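Only one structure is covered here, and it is reproduced in the block below.
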Amino acid sequence: MYPRLGVNIDHIATLRQARKTVPNPDPVYAAYLAEQAGADQITVHLREDRRHIQDRDLKILKETIQTRLNLEMANTQEMLKIALYLKPFSATLVPEKREEITTEGGLDVMRHQDALTRTVNMLKEAGIRSSLFIDPDLDQIRASHKAGSDAVEIHTGKYCEAKSLPEENHEFQAILGSVKAGRKLGLQIFAGHGLNYHNLKRLLQIEEIEEYNIGHSIIARAVFVGLPQAVREMVELIRSKG
Ligand code: PXP
């Protein structure tokens, strides 16, 4: 089995929101094209400030997506209510700060153990797969398992932004160690953030990673070659295993 590709379409909505007067480009159409090109999942982050994805997008995506809808969300009452009502296939809990450009760093699961455990349980009762977005850190892996989460998504930002080979090697080893430890505990292992057509190749050696959620690099490439081709190239890369 090949790892799944979740295409994050937030940046299609970012472009639309740059001109709020026109409903273009529509993330719903982007999701359709991504699925047609081989995406296994569509990922969206409904942020508290609604800077890109809107409630309307989420509702229509839930009705129209033919693969899986993965909702990235902060652990707030508002988002939990939306998730329990809409019932996406999965919910990925992420930290969220208003002033950040994108999700910087993973959740501190130990610090928010009780609150995250409560949310994971409620998602589970609603039949929604839960995933916690964490840094490649063994304590966070253990805490995620303790919270009862089905999966963890390893934040690959530091690996992707490494400025030298030794730094990259260090981050790769941290990811590898976390993946192995997580699998031993029975967690499903996903990865995402900052991945592109180059830095993904090395991670594909890690057989245990079942799913990649990738946004910026695919949407950036789509500007020049079109979304179907940009998605197809990523699917082909994953299927070639690097
Ligand atoms: N996974 C999670 C949990 C994220 O928060 C993000 C960023 O929205 C991504 C994956 C995708 O990151 P990128 O846009 O850098 O590919």
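Below, each value reflects all heavy atoms present in this structure, side chains not excepted, and no hydrogens, waters or symmetry copies. As the structure lists them, so they are numbered: ligands from 1, and atoms in each ligand from 1. Residues take their numbers from the sequence shown, with the count starting at 1. Computed from a prediction, not measured in an experiment: that's the story for all the values here.
Counting only heavy atoms from C-beta outward, the side chains of Arg51 and Gln17 never approach each other to under 4.5 Å. Put simply, the side chain of Met234 does not reach to within 4.5 Å of the side chain of Arg221, judged on heavy atoms. In this structure, His145 and Ile141 have side chains that are not in contact, with every pair of non-hydrogen atoms separated by 4.5 Å or more. You'll find the side chain of Asp135 stays beyond 4.5 Å of the side chain of Asp108, heavy atoms only.
At least one N or O atom of His216 sits closer than 3.5 Å to an N or O atom of ligand 1. Residue contacts with ligand 1: Gly192 is placed with no nitrogen or oxygen under 3.5 Å of a nitrogen or oxygen of the ligand (distance criterion only).
Close contacts between ligand 1 and Ile214 involve ligand atoms 16 (O) [criterion: under 4.0 Å to a heavy atom]. Listed by number with element, the atoms of ligand 1 under 4.0 Å from a non-hydrogen atom of Asn8 are 8 (O). For ligand 1, the atoms lying closer than 4.0 Å to a non-hydrogen atom of Gly194 are 12 (O), 13 (P), 15 (O), 16 (O). Close contacts between ligand 1 and Val94 involve ligand atoms 3 (C) [criterion: under 4.0 Å to a heavy atom].
Contacts between Glu72 and ligand 1, counted as non-hydrogen atom pairs separated by less than 4.0 Å, involve the side chain only. The side chain of Glu153, and not its backbone, has at least one atom closer than 4.0 Å to an atom of ligand 1 (non-hydrogen atoms only; side chain from C-beta on).
In this structure, His193 is part of the shell of residues with a heavy atom less than 4.0 angstrom from ligand 1. A heavy-atom separation below 4.0 Å is not found between Ser217 and ligand 1.
By the 6.0 Å contact criterion, CE on Met122 is open, its count of non-hydrogen atoms from other residues, nucleotides or ligands being 12 or less.
Side-chain contact check for Glu72 and Asn70: no donor-acceptor pair (N or O, by modelled atom type) lies under 3.5 Å.
A salt bridge does not link Glu210 to Arg129: none of the charged nitrogens lies less than 4.0 Å from a carboxylate oxygen.
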